[in-house]
Amino acid sequence: MNDSMVKVYITGTGAVKIARHYPLGVRDLAFQAGKQALAESGSDNVDFVIVASSLSYLQAPQLDLASYIASSLGLHGVRALSVEAGESSGLAALETAVSLIKSQEASRVLLIGVDKMTEHPSGPTYVMLQALYDTESDAYYNIGHAGIAALLMRLYMEKYEVDRLTLAYWPAMMHMHAKNNPHAMLPFAVAPEKVMTAMPIAEPITLLDAYPLGDGAAAIVLENGDELEGRPLAEIESVISATGMPSPALREDPLDLESLRTALGRLGGLEKIDVIELHDSFSIYGLLELETLGLAEKGESAKLVAEGYFSAEGEGPLVNPSGGLKARGHPIGATDVYKLVEVSRILAGTWQGVKRGDEETGMIVSINAAGSSSRIALLRKVKG
Amino acid sequence: MTRSLPVWWRRRIPRYRLIGARCKECGKIHYPPRTSCPYCGSNSLEEVQLPRRGILESYSVIYSVPGDNRLNAPIIVGLVNINGVRIVAELTDVLPGELSTGLEVEAVVRKISETSDTGIITYGVKFRPVLGAGSGAGQDTGEA
Amino acid sequence: MTQERPESRTGIHGWGAYVPRWRLPMEEIARVWGWPPHQYKGLNVKEKSVDSPDEDSTTMAIEAGYNALLRAKVDPSEIKAVFFGSESKPYAVKPSATIVAEALGITPVTMASDLEFACRAGSEGLRASIGLVSSGMMKYAMAIGSDTAQAEPGDVLEFTASSGAVAFIVGPREGAAAVFEATYTYVTDTPDFWRRALKPYPRHGEGFTGEPAYFHHIMSSVKNLLEETGYKPSDFKYAVFHQPNGKFPVRVGKRLGFTMEQIEPGLVTPFIGNTYNASALLGLARVLDRADPGDLILVAPFGSGAGSDTYILRVTEAVKEKQGLAPRFDDYLARRKTIDYALYTRYRKILTMLPRG
């Protein structure tokens, strides 16, 4: 943990609607989100550009991506750094940015998450997405993007005797929430029965359990609280990470997200959290995260979701008001930055989507693959 | 994507023979062998021949087929438990309706990828339901 | 026998069969290609085995070889030669024998090569193995016959061309399940069946494959060896011949003076079709699966182009305990699942642009 007294604030946010942006490339998307965030922060003056991206390195290969994006934003001479940590790239970039600010190496950082998933047809893209998993073990085989999650989902259903319909309430809740998210890719309602009977993509996972393939970019401006230029929307209280087993097959219980458990332990316990953005590339991961975080007993999370416990009207913390990876969308390296945009807007009171209105603390969780690494960020409302 | 020849080649023997690694420090076995023990971090490892039979703990029938694999669609992936060592691998010679958890499976060597008619063919272990031999046939000695 | 034959110093220590799971019934082929039922009824073949899309002659050889190792109970590194006989190699250039040897733990100190002699290459490997072991150059050698046999869609060959593999570990007489008493080979330049370089499917001389090729070579080989050894057909418990269909081996056997009782146990083509390099040798594997000590076996593989070997084997006491150490031919026969012609075209890569093999 960093015991620097420097506070880090988000002062600008930007997000492009997630879609199949065939006319737009990585730099175009990054430009749009980056400019929005800079505009909200009130200044183009940054001393670091950090770019979180993952799949784009395979989709439209460009190395030293952050420098090229900085240049396309007109930020000549700025310091720039690319961060890649698979599906957890965004929070990995946040970890980096926060350290730079806390160590006073930087005072204003533009953090952009961007990814393209539609530069190729789905078949080759699934092969690329396999590389999020361990290519020396599980992803040696043709597991596709959903194979491992499917293995875990079946294990979960059999171990805890949870039926398929109960598990379908997660995507249903995500779609309900996404309806009001202006940058969601799939802003429409879906009934649980429809999830269950949708096209199977990796049994027992159906098309409606899985994240869509969409392109996107989101950006935030981070500032040192002592040298604020913009209006603070939210404070970054902490961001922490942990690595885990390269394959769930190596875990004593394959359903144990031990990297997230380790990260949580490193955080030193949880105070009351009002709003949480979880990583639900597939429904099963969202449910396992709820249980790992202690928000549900093992095997009970799906039932709580079905009962509405985590919805805007529920008693539990509000979970995935964005619609989650499932319905907002999941442009791999950009996703965490979308979550940062969404949660800071909720805390700042500028969010147009699902909310309760009194949120003061927010949490963002991301994992890569089935938990090769996990990250948690805690955000706090800025008082006054 | 084209598979790298050296990347596949350097790991071919454990892939062909189902050779795992036993950690000399903590005693745990994993497959396929890694540079160091995933449990305790020691790089003091020894090869160990895994038995060829295991139990299917979970499986998935994959219809969103990655890459040029239409020929093998749907791809069936399993989580196989061999005396406590878990392996994710493709299943073969089995139809979706014949799958169930608890099924006894055995390792065989099959083609893993063949992405063009000019490139290399990669082979490795897959699992299939054990033959209904009934006479103790196919029992693994762990020696061969 | 008057003089010691070098082959009698050797025997079979392990044998292993492999047949893929899928079966294509004859009537499916006739339905698709407009053949009258008479076309296949005379072949005495019910259905043929078809390999899975992730199989080729190399993977099938690995499983047959593994089964042979289970029965031989020898350290794989003691095997010093691997011969892979096939006419459906997945690579035109690059040995399958090294893949098989590596997968089975036989590498690196071993001979390894792929042999080609139409359906007889596996048998040539067996003869070479006998020579290498009997000369004392090595203690054990492995001979494999494996094919995913090619046949042009619509050609009569398609009725029978099938997939299967068989492997034998040849070693010293001591401890062998069956000892080679005598062997013989007879070859001539007779072009009854061929496949030109870079062509996917073989061609054949139709009726020419019969009398001048199959019958002449097998009859010459068997008769000559019987003459040399002084054995009569009635001395044998089992007689196994190359089986391009279910009809030829019965006819050649009867002409040579053998009975259905001797021929039938080693007749596998009626159930799985013609596995080319595995054909007669799979029949031998099936016979060994059930043989008793003291049984005398005659085996006569044939390959187009053309040639035939004859082997006379005496079964020993060791056969019984080996029989149960690996799956038997009949265990593979029992896991059959029929498919239709459409699935067959996909499994055999006839429908796709992928390589045939």
Side-chain angles (χ1 to χ4, degrees), chain A residues 58-59 120-131 133-159 199-207 210 213 243-255 258 282 284 370 372, chain B residues 1-4 7-8 10-11 14-15 28-35 37-39 56-70 72-82 84-92 96 99-102 110 112-113 115 122 124-127:
Chain A
L58 300 175
Q59 288 261 318
H120 299 272
S122 57
T125 297
Y126 294 145
V127 178
M128 295 172 196
L129 288 167
Q130 268 181 209
Y133 290 81
D134 183 12
T135 56
E136 292 210 353
S137 62
D138 307 348
Y140 171 76
Y141 293 101
N142 301 299
I143 57 170
H145 69 312
I148 299 297
L151 293 177
L152 297 180
M153 182 166 168
R154 187 181 303 279
L155 273 183
Y156 184 90
M157 289 169 71
E158 294 199 357
K159 180 171 181 179
M199 182 172 77
I201 61 163
E203 283 177 348
I205 290 177
T206 71
L207 187 65
L213 301 184
T243 54
M245 283 295 181
S247 162
L250 294 167
R251 307 196 284 235
E252 197 174 334
D253 176 1
L255 295 172
E258 33 98 47
F282 300 96
I284 183 65
S372 69
Chain B
M1 280 191 298
T2 314
R3 289 215 181 204
S4 157
V7 165
W8 167 78
R10 74 176 67 100
R11 296 286 189 176
R15 292 278 177 213
K28 287 191 176 166
I29 299 172
H30 66 272
Y31 178 90
R34 295 171 183 273
T35 311
C37 174
Y39 300 102
L56 189 63
E57 288 192 338
S58 187
Y59 60 89
S60 176
V61 182
I62 299 178
Y63 294 99
S64 57
V65 171
D68 302 322
N69 273 295
R70 183 51 51 191
N72 296 300
I75 286 171
I76 301 176
V77 169
L79 180 66
V80 177
N81 187 323
I82 299 178
V85 179
R86 287 199 181 88
I87 300 172
V88 171
E90 280 175 51
L91 304 181
T92 187
L99 291 161
S100 62
T101 53
R110 294 296 174 93
I112 302 296
S113 73
T115 47
T122 60
V125 161
K126 292 186 185 178
F127 289 85

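Excluded from the calculations below are hydrogen atoms, water molecules and symmetry mates; all remaining heavy atoms, backbone and side chain alike, are included. Computed from a prediction, not measured in an experiment: that's the story for all the values here. Every chain is numbered from 1 and lettered A, B, ... according to where its sequence line falls, protein lines coming before strand lines.
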Give the member of B:Glu57, B:Lys28, B:Lys126, B:Arg15 that has the highest number of heavy-atom pairs under 4.5 Å with chain A. B:Arg15

If I compare all heavy atoms of A:Leu151 with all of B:Ser58, which pair ends up nearest, and what's the gap? O-OG, 2.6 Å

Given B:Pro74, B:Ser64, B:Ser60, the one that forms side-chain contact (heavy atoms from CB on, under 4.5 Å) with A:Ile201: B:Ser64

Just grab all the salt bridge (charged side-chain N to carboxylate O under 4.0 Å, His left out) pairs involving residues 134-152 of chain A, residues at least two apart or on different chains. A:Asp134-B:Arg34, A:Glu136-B:Arg11

Portion of B:Leu79 that has a non-hydrogen atom of chain A nearer than 4.5 angstrom: both

By a 4.5 Å heavy-atom criterion (distance strictly below it), what part of A:Ser122 contacts chain B: side chain, backbone, both, or neither? neither

B:Arg86 side chain to A:Glu252 backbone, donor-acceptor under 3.5 Å: yes

Measure the spacing between CD1 of B:Ile87 and OG of A:Ser247 and express it to the nearest 0.5 Å. 10.5 Å

Tell me, for A:His145 versus chain B, whether the close heavy atoms (under 4.5 Å) come from the side chain, the backbone, both or neither. side chain

With B:Pro66 as partner, the option from A:Ile143, A:Leu129, A:Asn142 fulfilling side-chain contact (heavy atoms from CB on, under 4.5 Å) is A:Asn142

Once you round to the nearest 0.5 Å, how far does OG1 of B:Thr101 lie from CZ of A:Arg154? 7.5 Å

Under a 4.5 Å heavy-atom cut-off, does chain A meet the side chain of B:Val65, its backbone, both or neither? backbone

From A:Met245 CE over to B:Tyr39 OH, what is the distance, rounded to the nearest 0.5 angstrom? 5.5 Å

For residues A:Tyr141 and B:Val88, report the shortest heavy-atom separation together with the two atoms involved. CE1-O, 3.4 Å

Just verifying a value: how many Å separate A:Tyr140 OH and B:Glu90 CD, rounded to the nearest 0.5 Å? 9.5 Å

Contact winner vs chain A - B:Ala89, B:Pro96, B:Gly78, B:Pro32, heavy-atom pairs under 4.5 Å: B:Ala89

Portion of B:Arg70 that has a non-hydrogen atom of chain A nearer than 4.5 angstrom: neither

Of A:Ala210, A:Pro254, A:Ala146, the largest count of non-hydrogen pairs under 4.5 angstrom with chain B goes to A:Pro254

